[in-house]
Asker: 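Below is a structure I'd like to ask you about.
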Amino acid sequence: MKRMDLPGYALGYSEIEYERLIRQAERYGPVTERLFRRAGIASSQHVLDVGSGVGDVSMLLARIVGSGGEVVGIERDARSVALARARAAEAGLHNVTFTESDVNHVPSNRQYDAVVGRFILQFLPDPTDVLRSLSRLVRAHGIVAFQEISWAPMLKLVEHLPLYSTCASLCHETMLRAGANTDSGLNLHRVFMGAGLRAPTSYLEMLLGDDADLARWIYDILLSLRPQIAQNGLSLEKLGDLDTLRERLHAEVLASKGVISSPGLVGAWSNV
Ligand SMILES: C[S@@+](CC[C@H](N)C(=O)[O-])C[C@H]1O[C@@H](n2cnc3c(N)ncnc32)[C@H](O)[C@@H]1O
C-alpha cells in the first residue's frame, strides 16, 4: 500500500508529524509510564503495543520489562516502523521489535502478558471490535491497558484566550472532519465493556502550566494538520502569521497570568 493511500489519518506521515510525536512523547511519557505500572506491567513480561508510531511507547515498555522481557510494536506506516527500529537500535534496546501491520491484521500466532496502545483507538472506526480481537492475544489474567485523549476539558479551559482557543477549535474541527474521535478517552469504559472485558480502572490526567512547551502542543498539532485544514477548505487567516504563531500563543498565555492545559489523558486498564 502506498503511503498516500492510508485512509482517514488526520495527522499524516510527514517529518513534521514524526518530530511532533517525539516531542509529545517526552511530555506525556511519565503519565503513560504511571498507567503501565499501575496496570501491573513489570519486569520480564511480553507486551504488544499497537499503533506504535515512531516507537516511543514501545521503547518506554522495553525499559520497564527489561532484558528478560520483550515488546512488539505494530504500526501500519512503513516509514514510522523504519524510524522506530533505528531509534530503538540507537538507544541500545534489544528487546523491542517493530512490525508493519494494520491493527486489524495483527499476527495471532502468540500470546502476550499485556496488550497496550496510546492515542490509536481515536482513529479506528470500530475500536470495540479491534479491542475484542486484541484481547484474544492476551493470556489468562493478562493486562489490557490503553491511553486515549479528551479534547473537551482542554477546549473549555482555554475559552478565555482568543488566539489559543481559535487555534484549538480549528484543530479540533479538522480532527472531527477527518473522522477522529477527539474524546476517545471518555469512551474507553464503554469500549472495554463492549469488547467483553471487565470494567476497567480508569482516570484522567491533565498537565497544567504556562510554559512554552505546553503551549507548543496545539501549535505542533496545527502544523501536522495543515494539509487536512487546506483539504477541508478551512481558513488559517484568523491565526495571523504562522511564523510567529508559536510565540504569540505563549505570550497570550503569559499575559493571562493563568494556566493552559494539555488535552485530557485518560488511562484505562483491565485484566482478561
Ligand atoms: C497519534 S499516533 C501515536 C503513536 C504512538 N502510540 C505514540 O503515542 O507515540 C497514532 C499511530 O497509530 C497508527 N495507526 C492508526 N491507525 C492504525 C491502524 N489501523 N493500524 C495500525 N496503526 C494505526 C498511526 O499510523 C500512528 O502512527
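Order of appearance sets the numbers: ligands from 1, and atoms from 1 within every ligand.
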Asker: Under 3.5 Å between any N/O of Glu17 and any N/O of ligand 1: does that happen in this structure?
Answerer: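 No; every N/O pair is 3.5 Å or more apart.
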
Asker: Do the side-chain N and O atoms of Thr32 and Gln147 include a donor-acceptor pair separated by under 3.5 angstrom?
Answerer: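 Gln147 and Thr32 do have a side-chain donor-acceptor pair below 3.5 Å.
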
Asker: What are the atoms of ligand 1, with element, lying closer than 4.0 Å to any heavy atom of Ser101?
Answerer: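 Answer, ordered by atom number: 21 (C).
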
Asker: Counting both backbone and side chain atoms, is some N or O of Gly51 under 3.5 Å from an N or O of ligand 1?
Answerer: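 Between Gly51 and ligand 1 (N or O atoms, distance only) the closest approach is under 3.5 Å.
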
Asker: Touching ligand 1 at all, Gly117? Heavy atoms, strictly under 4.0 Å?
Answerer: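 It does not, in that no heavy atom of Gly117 comes within the 4.0 Å cut-off of ligand 1.
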
Asker: Any idea which part of Val57 is under 4.0 Å from ligand 1, heavy-atom wise: side chain, backbone, both or neither?
Answerer: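 Val57 to ligand 1: side-chain contact only, backbone stays beyond 4.0 Å.
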
Asker: Please tell me whether Ser184 and Gln122 have a donor and an acceptor in their side chains that are separated by less than 3.5 angstrom.
Answerer: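 No, Gln122 and Ser184 have no side-chain donor paired with an acceptor closer than 3.5 Å.
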
Asker: So if I apply the side chain to side chain donor-acceptor pair (under 3.5 Å) rule between Thr244 and each of Glu247, Arg246, Arg248, which one comes out positive?
Answerer: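 For Thr244, the side chain to side chain donor-acceptor pair (under 3.5 Å) test succeeds with only one of Glu247, Arg246, Arg248, which is Arg248.
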
Asker: What do you reckon, is NE2 of His160 surrounded by more than 12 foreign heavy atoms closer than 6.0 Å?
Answerer: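 Yes, NE2 of His160 has more than 12 neighbouring heavy atoms, counting only those of other groups under 6.0 Å.
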
Asker: I need the atoms of ligand 1 closer than 4.0 Å to a non-hydrogen atom of Gly53, numbered in the order shown.
Answerer: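 Heavy-atom distances to Gly53 below 4.0 Å select 4 (C), 27 (O).
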
Asker: Is Arg118 close to ligand 1, meaning an N/O of one under 3.5 Å from an N/O of the other?
Answerer: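 Yes: some nitrogen or oxygen of Arg118 is under 3.5 Å from one in ligand 1.
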
Asker: Please work out which of Tyr13, Tyr18, Tyr9 has its closest non-hydrogen atom nearest to atom 1 (C) of ligand 1.
Answerer: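 The nearest heavy atom belongs to Tyr9.
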
Asker: Output yes when Glu205 and Arg34 qualify as a salt bridge under the 4.0 Å nitrogen-oxygen rule, no when they do not.
Answerer: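 Yes, charged N to carboxylate O under 4.0 Å.
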
Asker: Are any of the N or O atoms of Ala25 closer than 3.5 Å to those of ligand 1?
Answerer: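 Between Ala25 and ligand 1, no N or O pair is found under 3.5 Å apart.
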
Asker: Salt bridge check: are Arg87 and Glu90 linked by an N-O gap of less than 4.0 Å?
Answerer: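 Judged by the 4.0 Å cut-off on N to carboxylate O distance, Arg87 and Glu90 do not form a salt bridge.
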
Asker: Mind checking whether Val54 contacts ligand 1 via backbone (N, CA, C, O), side chain (CB onward), both or neither, at a 4.0 Å heavy-atom cut-off?
Answerer: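 No part of Val54 comes within reach of ligand 1.
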
Asker: Based purely on interatomic distance, does Glu75 place a nitrogen or oxygen under 3.5 Å from a nitrogen or oxygen of ligand 1?
Answerer: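 Yes; at least one N/O pair falls below 3.5 Å.
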
Asker: Near Arg190 CZ, under 6.0 Å, is it more than 12 heavy atoms from other residues, nucleotides or ligands?
Answerer: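 Counting other residues, nucleotides and ligands, CZ of Arg190 stays at 12 neighbours or fewer.
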
Asker: When you look for heavy atoms under 4.0 Å from ligand 1, do you find them on the side chain of Asp102, its backbone, both, or neither?
Answerer: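 The part of Asp102 near ligand 1 is both the backbone and the side chain.
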
Asker: Write down the atom of Ile120, the atom of Val50, and the distance for their closest heavy-atom approach.
Answerer: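 Closest pair (atom of Ile120, atom of Val50, distance): CG2-O, 3.6 Å.
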
